[in-house]
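Below: the structure, in structure tokens.
Letters A, B, ... mirror the listed sequences (proteins, then strands); counts begin at 1. Reckoned from all heavy atoms, side chains included, excluding hydrogens, waters and symmetry mates.
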Amino acid sequence: MPELGEVEIARKHLQSWWTDAASTFHLIDAKVLKSGEPADLERQISQTPRAFKRRGKQLWVEFADGPHLAFHFRMTGQIVRTTSPEERFSRIAWQVGDSWLHFVDPRRFGYVEVWTDSERDAALAKLGPDPHAADPKLMREKAGARQLKAALLDQSVIAGVGNIAFIEVMWRLGLHPEIKGSQLSKAEWSRLIQAFVDFFDEVVERDFSPEQGRIDYVNTGGTNPFEIYQQDQCPKCSGGIERLVQGGRSTYFCPRCQRSGRR
DNA sequence: CGGTCCTCCTGATGGC
DNA sequence: TGCCATCAGGAGGACC
């Protein structure tokens, strides 16, 4: 799944579900293995994991010995636990005890990589800090003259923010979505960063359950738990939500409640 | 540098 | 019912 909160939930799920070496392994769609050989993947997945780690939307698993396994979910990837080796859109399946774990990804934008230590370090070097570790002064510099949306979705500036988090947080702070980073003071940058920390904490608090086998949002027939994203009416003023497109991505916002920084 | 468009892929949804 | 357009949580690259 997509943003920091859902990836953190996937990390916690793997941690509670993948407690032993896999006994059976199926690489159902070899295309999802972006780097490394199928044999490398099978060898690692058949070991007992030592640590489950995450930065932003990047998840990886470390083992006592050998390379690491990295997961990136992009738009529609997620980790699912079932009792069957058959699962719709499963690209990789492995059996742990009585459970089957699946890397499920209908659109196949997501991928898995086998990482050496130096490959891991190189991948992480391209990512900015998680929101809780972000420095407002540095953030403001790295945002440059761009619109906030472009800067915040740039994973090298801050890691983990996606389209939904951007939309929800801008509404919470009353900021117009077309505002530029340079229009915000350092104090306002601090509030912005804290709002992302709060938003992602709430997602994990609301949606993580060790027993729950999957998460379904908006586009998969599930519910929409968000206040502005793909909504019609503003919860604050009851006015209509509007939609605009920035960099090819939809932005939903309330033109009455989000006037701050309006151009 | 910044903005826009396209691409990867497969589905759900709504209009006609 | 069928057909077509549009949109979808991400991100990299081409191009102006």
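- Checked against side chain to side chain contact (heavy atoms under 4.5 Å, CB included), A/Pro49 has the following partners two or more places apart in sequence or in another chain: A/Trp18, A/Phe52, A/Val61, A/Phe63.
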Treating primed atoms plus P, OP1 and OP2 as sugar-phosphate and everything else as base, which nucleotides of nucleotides 3-9 of chain B get B, S or - for protein heavy atoms under 4.0 Å? S----BB
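- If you check residues 111-120 of chain A against DNA chain B, you find no residue with a heavy atom closer than 4.0 Å.
- Think of A/Trp60 as one node in a network of Ile, Leu, Val, Met, Phe, Trp and Tyr side chains linked at under 4.5 Å; its network also takes in A/Trp115, A/Leu124, A/Leu127.
- Take A/Arg43 and apply the side chain to side chain contact (heavy atoms under 4.5 Å, CB included) test, not counting sequence neighbours, and it matches A/Asp40, A/Gln47.
- For the side chain to side chain contact (heavy atoms under 4.5 Å, CB included) test, residues two or more places apart in sequence or in another chain that qualify with A/Asp117 are A/His68, A/Arg120.
- Hydrophobic cluster of A/Leu244: the remaining members, joined at side-chain heavy-atom separations below 4.5 Å, are A/Phe253, listed by chain and number.
- Checked against salt bridge (charged side-chain N to carboxylate O under 4.0 Å, His left out), A/Arg107 has no partners two or more places apart in sequence or in another chain.
- Look at the P atom in both B/dT7 and C/dA5: the space between them is 15 Å, to the nearest Å.
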5'-to-3' dot-bracket of DNA chain B (Watson-Crick, G-U; under 3.5 angstrom; crossing pairs as [ ]; | other strand): .|||||||.|||||||
Check residues 136-145 of chain A and write down every donor-acceptor pair under 3.5 Å in which the side-chain atom is one partner and the other belongs to a residue at least two apart or another chain.
unit_1	atom_1	unit_2	atom_2	d
A/Arg140	NE	A/Leu184	O	2.7
A/Arg140	NH2	A/Ser182	O	3.0
A/Arg140	NH2	A/Leu184	O	3.4
A/Lys142	NZ	A/Ser156	O	2.7

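- Checked against side chain to side chain contact (heavy atoms under 4.5 Å, CB included), A/Arg81 has the following partners two or more places apart in sequence or in another chain: A/Trp17, A/Ser99, A/Leu101, A/Glu211.
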What donor-acceptor contacts under 3.5 angstrom involve side-chain atoms of residues 160-172 of chain A, with partners at least two apart or in another chain?
unit_1	atom_1	unit_2	atom_2	d
A/Asn163	OD1	A/Lys149	NZ	2.6
A/Asn163	ND2	A/Ser250	O	3.0
A/Glu168	OE1	A/Glu227	N	2.9
A/Glu168	OE2	A/Glu227	N	3.4
A/Glu168	OE2	A/Ile228	N	2.9
A/Glu168	OE2	A/Tyr229	N	2.8
A/Arg172	NH1	A/Glu202	OE1	3.3
A/Arg172	NH1	A/Glu202	OE2	3.4
A/Arg172	NH2	A/Glu202	OE1	2.7

